[in-house]
Amino acid sequence: MAKLQISQILRGDIPLGASVEVAGWVRTRRDSKAGISFIHLHDGSTFHPLQVVAGQELSNYELDIKRLTSGCAIFVVGTVIPSQGAGQAVEVSATEVQVLGWVDDPETYPMQPKRHTMEYLREFAHLRPRTNITLAVSHVRHSLAFAIHRFFHERGFYWIHTPIITASDCEGAGEMFRVSTLDIANLPRKPDGQVDFSKDFFGREAHLTVSGQLNVETYCMALSRVYTFGPTFRAENSNTRRHLAEFWMVEPEIAFADIYDDVTLAEQFLKTIFKAVLDECGDEMQFFADRIDKNCISRLESMITAEFARMDYTEAISHLEKANVTFEFPVRWGMDLQSEHERYLSESLVGRPVAVINYPKDIKAFYMRMNDDDKTVAAMDILAPGIGEIIGGSQREERLDRLDQRIEQLGLIKEDYWWYRDLRRYGTVPHAGFGLGFERAMMYATGVDNIRDVIPFPRSPGQAAF
RNA sequence: UCCGGCUUAGCUCAGCAGGUAGAGCAGGCGGCUGUUAACCGCCGGGUCGUAGGUUCGAGUCCUACAGCCGGAGCCA
């Protein structure tokens, strides 16, 4: 392992005159006829390159250094010196350059030192980490994920590893991927012709999870403050810049809490994690501001400082009805808010993030707590300027009779939920939680407008390469 | 899944009144320079997404298909 990261040298951690060893991949090489070559080297620790100055006195100057092209891997021994040129404070004067790996056909090396389209880079998911944009995304992704864990850890939450494979058919949040070891060319059949899943690996139908919420609620009813953070799968045939078949989701669940506690938690959560990104990824965020979305920094700053507004759904509808704006989708009580409505509320009406609370029961899930009016449930969405819904959550129905009512009303099968119902039979308490799509948060933070570019290996309909 | 757009050299694109392709970057060679996605010159490189059709002739018009992109729906 190389002793130093390039970020340490550029940050000024290493005194001038110190001898160093660095290793990385060549981005560009420029030659001076005076017999000096300038190599811009990256090792992924920062997207600023280290300038390595290699002169003709090196024994392999003509043989190796003059043949370096973009993408070659090298190991360098040298001295940290002040740079004579503009563009960097320090550079490394090489006393030894070893070529670890050549690029075997420089003309067709896909990652050229120039601007590529995001679509092109997606075709080279194995090489795009070598680009500035993907490097910056990787740094922010790490920082954001770490900040999420830190936020919960510091507040006494426990990270619960809910299962990826689920045999419960009660998740009901859209199409699921089947998990099976049956021979699909020769399926076992029951007498009535149905596939006999008792012969399958788990002895019953199994799928990839669409949410860890129901599982994490069980741990909430023992550890009080818990969360999940892991991959989630949806087999929906939705081909948009906002959807993936495999994505990561964060789902905290808090006991002895109501919908207002939930909103408060969500507000603190968003502010804390985005502040961490600004604090830890200044260079990366500046890069996004320069190249991708000039508003990304100010958007996060206002998210961090503004106090979130709170508003009942019913109140939101009346604001929308009074709005001097023509909406594509007409406004009426009982409808789900469309993206245009969400943006009006947060951008035009209140000008900051707003939590909309207490939605009509008919547009929300069975597990959300029924309000006293019998028409709305204690659900909440956090709407943010520039994106719309970023978080959705609810207080959960903790009363068994009301939960059963909802299961029945929605035509669900009570027995399927036996263990979920048990939580209401044995020491039930008010509790609440919310969900955040991790990649949606990444898009919000970076301004990268296609979700496939904020995850290393995107999976979407027809796309599972790499 | 529905609607719209795009698909020309390794990459980014131009070609548009249909007559058999061009630039920049990348690559090679040479020149110049403590250079900064350097600069200057020369060179190699394309059966114009696929399959049909119209036409004397199609990258350029028509049809189908595929892939990608955007929007909608669904949602995170």
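By convention in this document, chain letters (A, B, ...) are assigned in the order of the sequence lines, proteins followed by strands, and residues within each chain are numbered from 1.
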Short heteroatom pairs, N/O only, protein and nucleotides 38-43 of chain B, under 3.5 Å:
| from | atom 1 | to | atom 2 | distance (Å) |
| --- | --- | --- | --- | --- |
| B:rA38 | OP2 | A:Arg30 | NH1 | 2.7 |

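- Per the geometry, CG belonging to A:Leu383 stands 14 Å off P belonging to B:rA76, to the nearest Å.
- Listed by chain and number, the residues in a ring pair (Phe, Tyr, Trp, His ring centres under 6.0 Å) with A:Tyr313 are A:Trp333, A:Tyr359 (sequence neighbours excluded).
- For A:Arg178, the side-chain hydrogen bond (donor to acceptor under 3.5 Å, both in side chains) test picks out A:Glu205, with sequence neighbours left out.
- Across the interface with RNA chain B, nearest-nucleotide mapping of A:Arg291 and A:Asn237 shows A:Asn237 to be the residue nearer the 5′ end.
- Annotation: B:rC32 and B:rG41 have their P atoms spaced 15 Å apart (nearest Å).
- Distance noted for atom P between B:rG5 and B:rC43: 41 Å (whole Å).
- For residues 233-254 of chain A, the ring-ring contact (aromatic ring centres under 6.0 Å, His included) pairs, not counting sequence neighbours, are A:Phe229-A:Trp248.
- Of the P atoms belonging to B:rC11 and B:rA26, the separation is 15 Å, rounded to the nearest Å.
- Screening residues 77-95 of chain A for side-chain hydrogen bond (donor to acceptor under 3.5 Å, both in side chains), with sequence neighbours left out, gives A:Gln51-A:Glu91, A:Ser83-A:Gln88, A:Ser83-A:Glu91.
- Taking only side-chain atoms of A:Glu91, from C-beta outward, the nucleotide of B:rC69, B:rU35, B:rA76 with the closest atom is B:rU35.
- Residue pairs meeting the ring-ring contact (aromatic ring centres under 6.0 Å, His included) criterion with at least one member in residues 446-466 of chain A, sequence neighbours excluded: A:His126-A:Phe466.
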Just to be sure I follow the notation: if a pair is Watson-Crick (purine N1 to pyrimidine N3 plus N6-O4 or O6-N4) or a G-U wobble (N1-O2 and O6-N3), each under 3.5 Å, what dot-bracket string does RNA chain B give, with | for pairs to another strand? (((((((..((((........)))).(((((.......))))).....(((((.......))))))))))))....
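- Between A:Met176 atom CE and B:rC75 atom P there is a gap of 15 Å when expressed in whole angstrom units.
- Applying the 4.0 Å criterion to OP1 and OP2 of B:rC11, one finds that A:Thr117 has every side-chain N and O outside that range.
- Across the P atoms, B:rC48 and B:rA9 are found 10 Å apart, a figure rounded to whole Å.
- Taking the side chain of A:Asn450 as heavy atoms from C-beta on, and the options B:rC69, B:rC74, B:rC75, the nearest nucleotide is B:rC69.
- The existence of a salt bridge linking A:Asp293 and A:Arg299 is confirmed by a sub-4.0 Å separation between a basic side-chain nitrogen and an acidic carboxylate oxygen.
- Figure legend: cation-pi geometry between A:Arg310 and A:Phe308 absent, as NZ or CZ is not positioned both under 6.0 Å from the six-membered ring centre and within 45° of its axis.
- Rounded to an integer number of Å, the gap from CG of A:Leu121 to P of B:rG10 is 17 Å.
- With sequence neighbours left out, the salt bridge (charged side-chain N to carboxylate O under 4.0 Å, His left out) criterion links A:Glu397 to A:Arg399.
- Distance CD (A:Glu251) to P (B:rC75): 16 Å, rounded to an integer number of Å.
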Please list each protein N or O that sits under 3.5 Å from an N or O in nucleotides 23-30 of chain B, with the distance.
| from | atom 1 | to | atom 2 | distance (Å) |
| --- | --- | --- | --- | --- |
| B:rG24 | N2 | A:Lys114 | NZ | 3.4 |

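- With sequence neighbours excluded, no residue forms a ring pair (Phe, Tyr, Trp, His ring centres under 6.0 Å) with A:Trp102.
- The side chain of A:Ile36 has B:rG34 as its nearest neighbour among B:rC74, B:rC68, B:rG34.
- Counting to the nearest Å, the P atom of B:rC68 and the OH atom of A:Tyr120 are 17 Å from each other.
- Residues satisfying the salt bridge (charged side-chain N to carboxylate O under 4.0 Å, His left out) criterion with A:Arg11, sequence neighbours excluded, are A:Asp13.
- Counting non-hydrogen atoms under 4.0 angstrom, A:Gly85 reaches a base of the nucleic acid.
- Using a 4.0 Å heavy-atom criterion, one finds that A:Glu119 contacts the sugar-phosphate atoms exclusively.
- Among the protein residues, A:Arg241 comes within range of the sugar-phosphate backbone only, with heavy atoms under 4.0 Å from sugar or phosphate atoms but none that close to a base.
- Between A:Gln51 atom CD and B:rU35 atom P the separation is 10 Å, expressed in whole Å.
- Across all strands, A:Leu244 comes closer than 4.0 Å to base atoms (heavy-atom distances).
- In this structure, the salt bridge (charged side-chain N to carboxylate O under 4.0 Å, His left out) partners of A:Arg122, at least two apart in sequence or on a different chain, are A:Asp453.
- Residue side chain A:Arg452 does not reach the base of B:rC68 through any donor-acceptor N/O pair under 3.5 Å, judged by distance alone.
- Checking B:rA76, B:rG34, B:rG67 against the side-chain heavy atoms of A:Ser83 singles out B:rG34 as nearest.
- For B:rG71, neither phosphate oxygen OP1 nor OP2 lies less than 4.0 angstrom from any side-chain nitrogen or oxygen of A:Asn239.
- Contacts of A:His243 with the nucleic acid, taken as non-hydrogen atoms under 4.0 Å apart, include base atoms.
- Between A:Phe329 atom CZ and B:rG73 atom P there is a gap of 4 Å when expressed in whole angstrom units.
- Taking the C1' atoms as reference points, B:rU33 lies 43 Å from B:rC69, given to the whole Å.
- A distance-only check finds a donor-acceptor pair linking the side chain of A:Glu236 to the backbone of A:Glu175 [under 3.5 Å].
- If you take atom C1' in B:rA72 and the same atom in B:rG45, they sit 43 Å apart, rounded to whole Å.
- Here B:rC69 presents its C1' atom at 14 Å from CZ of A:Arg242, a figure rounded to the nearest Å.
- Side-chain N/O atoms of A:Thr232 and A:Glu246 include no donor and acceptor closer than 3.5 Å.
- A:Gln88 comes within 4.0 angstrom of a nucleotide base, judged by non-hydrogen atoms across all strands.
- When only modelled atom types and interatomic distance are considered, A:Arg67 and A:Asn60 share no side-chain donor-acceptor pair under 3.5 Å.
- In this structure, A:Phe38 forms no aromatic stack with the base of B:rG34, since the conditions of centre separation below 5.5 Å and plane angle below 30° are not both met.
- Spacing between B:rC61 and B:rC25 at atom P, rounded to whole Å, works out to 30 Å.
- For the P atoms, the distance linking B:rU1 with B:rC56 amounts to 40 Å, nearest Å.
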